[in-house]
Every structure is written in structure tokens, then in C-alpha cells.
Amino acid sequence: MQRGTIDLWVGVFAVIGLGALLFLALKVANLTSIGSGVQSYVVYADFDNIGGLKVRAPVKAAGVLVGRVESIALDTKTMRARATLALNSEYRFSKDVSAQILTAGLLGEQYIGLLDGGDEVQLAAGDKIDITSSALVLEDLVGKFMLSFAEKPTNSTE
């Protein structure tokens, strides 16, 4: 009987551990808010370079989560990346809002940051955000730094 009780408790802890592991996996994949029932409206933003931005990435304004990236596609006419943003209906932004791709921390996840403008006309469903700033790609910065360092003339006293 003692052996059966121990086996039962080991099984209970194993199930709890697997549940916690599943929760963490969903949290890392940004899937924990699926089916949350929040009303949203869709807007679009075009970027020259999205860097490592992913679908389901957060959209934040003043550090507050206001939506998620719903999809990312290449606009074949302009050859720019078009991000579809699902914004929470609770939050309204002016027509001249700006969007930029930011990074949480030095090597953290990328997200879209919104900075509201001063226009009295509100952004509506289906509108496009005109003012955008692309992702800062670390490899490009390092490459530019190395090129500028290599091109500097050395002081020679020959």
C-alpha cells in the first residue's frame, strides 16, 4: 500500500510538471491569449525592413500592450514588408500615429511601438499607418562600423 501511494504522488507531480512545461511553451510562443474575446480592429503598416519581427509579436504604446501583429507579407508592388496589426478596440490612435520596430532589451524579442500624433481624426479599421521606422538590424550596424573603421586613413609620418 505504501508503494501505491508513492507512485500516485509521483504521477501527480509529473502531470503538474508537464502542465507547467506546456504553459511555458505557450507563453514563449505568445499563444496564451488566443481566444481572449477582446474586440479588435485591423490596421496596416509598411516597413523597409522588419528584421526579426514575428507574427503574434506585441504592439505596444507607452509600454502597454495594445495589440498583436496578425500577419506579415511582402507587398509585391512596393517591395516593402506589410504588417497587419490587430489593435484592441479599447485603444484609439490619431491618424498621424507613427509605428517603429523596436527590440526589448539588447537581444530581446522585437515588437512594434506606436507613438500617437496630434491629429484629431482617429485611425479606423483598414487604415494604413503612414509614418514608419524600420528595424535596426545589428548585422548592418556592425558592417557599417567595420567599413567606416577600415576606410579611415592611418596617420603615417614617413
Do the non-hydrogen side-chain atoms of Leu87 and Val59 ever get within less than 4.5 Å of each other?
-> yes
Which atoms form the tightest heavy-atom contact between Tyr41 and Asn88, and what is the distance?
-> CE2-O, 3.6 Å
Is there a side-chain contact between Val42 and Glu70 (heavy atoms, below 4.5 Å)?
-> yes
Any donor-acceptor N/O pair, Gln110 side chain to Leu53 backbone, under 3.5 Å = yes
Taking atom CD1 of Ile131 and atom CD of Gln100, what is their separation to the nearest 0.5 Å?
-> 11.0 Å
Considering all heavy atoms, the nearest Thr132-Phe47 contact | CB-CE2, 3.6 Å
Charged N-O contact under 4.0 Å between Asp48 and Arg80 | yes
Have Asp116 and Ser94 got a donor and an acceptor in their side chains that come within less than 3.5 Å?
-> yes
Closest approach of Ala83 to Ile112 (non-hydrogen atoms, all atoms of both residues) = CB-CD1, 4.3 Å
Quick one: pull up NZ in Lys95 and CD1 in Ile129 and give me the separation to the nearest 0.5 Å.
-> 10.5 Å
What's the verdict on side chain to side chain contact (heavy atoms under 4.5 Å, CB included) for Ile72 and Thr84, showing C-alpha distance, side-chain angles and the deciding distance?
-> CA-CA 6 Å; Ile72 300 170; Thr84 304; over 6 Å; no
So, the side chain of Ser134 versus the backbone of Asn49: is there a donor-acceptor pair under 3.5 Å, distance only?
-> yes
Hydrophobic cluster membership, Leu102 vs Ile50, 4.5 Å side-chain cutoff | no
Heavy atoms of Leu114 and Ala99 approach each other most closely as CD2-CB, 3.7 Å
Shared ILVMFWY cluster between Val43 and Val64, side chains joined below 4.5 angstrom?
-> yes
Pairing residues for Asp130 by the side-chain contact (heavy atoms from CB on, under 4.5 Å) criterion, not counting sequence neighbours = Lys128
Which value, rounded to the nearest 0.5 Å, describes the distance between Lys60 atom NZ and Arg68 atom CZ?
-> 8.5 Å
Looking only at non-hydrogen atoms, find the nearest pair between Leu65 and Pro58 and report the distance.
-> CD1-CB, 3.5 Å
Is the backbone of Asp46 close enough, under 3.5 Å, to the side chain of Arg82 for a donor and an acceptor to pair up by distance?
-> no
Do Tyr44 and Tyr111 belong together in a cluster built from hydrophobic side chains that touch within less than 4.5 Å?
-> no
Atom CD in Gln122, atom CG in Asp127: separation rounded to 0.5 Å?
-> 10.5 Å
